[in-house]
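To start, the structure under review is shown below, and the notes come after it.
What you see below is based on every heavy atom in this structure, not just the backbone, and it leaves out hydrogens, waters and symmetry mates. Chain A is the first sequence line, chain B the second, and so forth, proteins listed ahead of strands; every chain is numbered from 1.
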Amino acid sequence: MNMKKLHKLLFVLLAVLLLPGWLHAADFITGKSFGDDNEIVVKFAGPVDPAVAGNIEKYTVFEETDPDIRLPLISADVADNAMSVSLKFNDPLNTTQTHVVSVKGLTGEEKTEFTVAKSYLGYLFSIMISALLIQNFVFTKYLGLCVFFGTAKRKSTAKGMGVVFTLVMVISASMAWFLYQFVLVPFNLNFLQIVIFIGLTSLTVQAVDTILRKVNPVLFNSFGVYLVLVIANCIVIAVPLIVADNNYNYFETLMLALGAGGGFLLALYLMSSVSERLELANIPPSFKGLPMAFIVAGQFAMAFLGFSGLQVF
Amino acid sequence: MANDKSISQLLSRGILSENPIFRLALSMCPAVGISTTVMNGIMLGIAVFFVQVFSSVTISAFKDYIHPRIRIPSYTLTIATWVTVIDLVLAAYMPGAYAKMGIFVKLIVAFAIITMRLEMFACKEKVSDSFWDAVGMGLGFMVGMCVIGAFRELFGSGMILGYDILGYKPLLFFILPSAGFFVVGLMMAFFNWIEAGYKRKKGITS
Amino acid sequence: MKEILNITFRLTVSCLLAAVVMGSTFIITNKAKKHNEHVREQNVMYSLLGYSETNPPPESVSMHEIYRYVVAEAGQQFIGYLVPGAHGGAAPFIFVALDLDGKLAWQKPVEAEEDKVLELESRNAAILAAIGPGKDISFAEQAIIVTDDGTRIAYLMSGKFPGFKTFIHTMLALDPKYTMLGFEVLEHEEDPGLGAEIEQDYFKNQFDGKTFDILKSLKVIKEPLPGEYQKALEGKVAEAEIEKMMDQYREQDIYALTGATISTKAVTVGLQGIAKKFAYRLDTLDSVLKEQQIAVSFSN
């Protein structure tokens, strides 16, 4: 697959993902989002009557899961051009919940109701960023270490291992999700998780191995040897387990797998860059090899601790 | 090959000369991740011990029936079965300890050490030898985890097994997960140093 | 060909064997797991109420479970409560549906046995059977009203709110006037040594005894915990001294944990939310029950 084709594919994928956003433009409410801690900002397609939009009595706001708890508003400030209004509340809003806002008498309608939530796309990306940086599987979750230390000696091996791993990760996570949703859960066979997941991984590795051997022998020669190592990698079992635990849907699983693979690649790349330089350094004999690698990894882990609590979306 | 190994030889090999964590550098994920207290070390050590022993014995008992072409899938299946069993048992009878270990009990299935042990030893030796070898490996793992755990717990929270020894917390850093890397690295270096000194004494050039 | 058949046969046999081993372990351990979970929850509840192994709850104390549901019927939403009926009443349980403004919409008796009601699936089935077709129910949460000889002594409820990392699960106890009796952290993923200190007594006990009004306007202050207050919170001084300290600091805001201000704020805001929502809902339910003269086992 050459680069041009890859670019086209990525563009189409991105467009499809962003389509729902474009379709929304047709409504009267053009934008709704959380502002400050205790604020919701609503944008309209045309000017609204300030007597209606600025009157807090006309608004009913509640969290989707708690329809009987009405959140008390302090004020509704209509902007000068009457195209947007800022709703301020007494208490800080729980932005992880979808809020339902309904207005009486906006543009002559009896009741206009809409939901305000953090963007779903943002949520998906935040899963990926989380798996990549905040909860990096190698440096924050301490998984996949054996393989990590084995292949983090040279940049080229690092890249190879990372790419192969991400590929196997995405495929096996997808298959694991299918099996979990359609076989394990309906038949209450949750305890077979471990066996099924590791079986799937072995199958994926075997399949990728065979396909790669036939389709692209050159690629196989450079990357094939890492395939076997993937099976012994804790991360490749951990991702389906996390998916099962949190009951993710397909897109969330995909994002998690991409983030996990990407995080592993990132970790390997960072580690190998340092490794290559370490070879020229003067290390005491007892520390040569693995002990030094561990200490370097420890420092990376400390650095990654800095991402803790990062909120992207 | 290893037909006449006495029991003590098998055991000492697992605990000292071929200690999975410090010498063979395998199964490092839990060593770094959850060795924050001695209790964690003991609990996970017991789980790994159980899986190792049962897998080794199973494979050794059935070694004549396993077709060589499907060796690896058979090992994987056996290990996965026993991991599931211990996972269910721990979740049911020791939920507190199980919650602390989180995902690591399920991840035992991915430990290279167990597969390697099965491949190198259990499929060739008789049941009793495999049993003792597995016991040695399991104990070695548990000892390794406990040593790391003791170090981190003592210097991180001043306690061992929950008993206050120092009365204050020297360095919070040690119970933070990233310290696991440092402690394991330092201990490996320490073991290397001892081994180098030992070899020097015996006049063997390394 | 024979090779492949051979291999497939052996593989199938081993898979079946493995399945048998795992299946039987699952069946044996599942019962034990459910039992142990139930026992653990009970222990947490008793310790929140002040009982323990050396001080077990007397016979006169009983717990009444209320289950809250969201009912959707023909585009409208209702809040439904499954409440235990009074002894000797018409039915063992009653499903009371309130509209979103807190007025009674309808009520139906639910014929179900006690242990069926404890499990989600069987409870849902029993409710659906009682309320008839055309309605969708989804379980929201449950709470427990604790009575001693008929008078209410405490409310127990669990709640989940976002923490610094992911979510924090807690169980809390309020007294009949909604004063905080105490809370326990059931699950969290905070950093050890930093956010994880929310499990420590010197943090949790700061909330004890705060009245509902104080609780509603509670803030977090970034100041170190006074030494004498800390000793009292950890129970390291005499009873009389502890009481004096707690009185002195009753109206005080919560002292933030060192290096974990966000976790502290998350817990404070989270507990406030749980308590306020519960108080609002229980008051609404109580007034409806009284107005409509619905006989329940926990009426005051």
### Summary
Between B/F182 and A/G298 the two heavy atoms that sit nearest each other are CE1-C, 3.4 Å
### Query
Can you pull out the residues in residues 194-202 of chain A with any heavy atom less than 4.5 Å from chain B?
A/I194, A/V195, A/I198
#### Entry: Closest non-hydrogen atom pair, A/P291 against B/A189
CG-N, 3.7 Å
### Task
Heavy-atom distances under 4.5 Å only: say whether A/V138 touches chain B with side chain, backbone, both or neither.
backbone
#### Entry: A/Q193 portion near chain B, given a 4.5 angstrom heavy-atom threshold
side chain
#### Entry: Interchain contact, B/L77 with chain A, by part (heavy-atom threshold 4.5 Å)
side chain
### Message
Can you tell me how far apart CZ (B/F181) and CZ (A/F139) are? Round to the nearest 0.5 Å.
### Response
6.5 Å
### Query
Who pairs with A/R213 by salt bridge (charged side-chain N to carboxylate O under 4.0 Å, His left out), at least two apart in sequence or on another chain?
A/D209
### Task
Mark yes when over 12 heavy atoms from residues, nucleotides or ligands other than B/M39 sit less than 6.0 Å from its CE; otherwise mark no.
no
### Message
Is it true that, when you exclude B/F62 itself, more than 12 heavy atoms of the residues, nucleotides or ligands shown sit nearer than 6.0 Å to its CZ?
### Response
no
### Message
Is the shortest side-chain heavy-atom distance between B/L186 and A/I295 below 4.5 Å?
### Response
yes
### Atom CZ of B/F190: over 12 foreign heavy atoms under 6.0 Å
no
### Message
A quick test of your reading: do over 12 heavy atoms of other residues, nucleotides or ligands sit less than 6.0 Å from CE of B/M94?
### Response
no
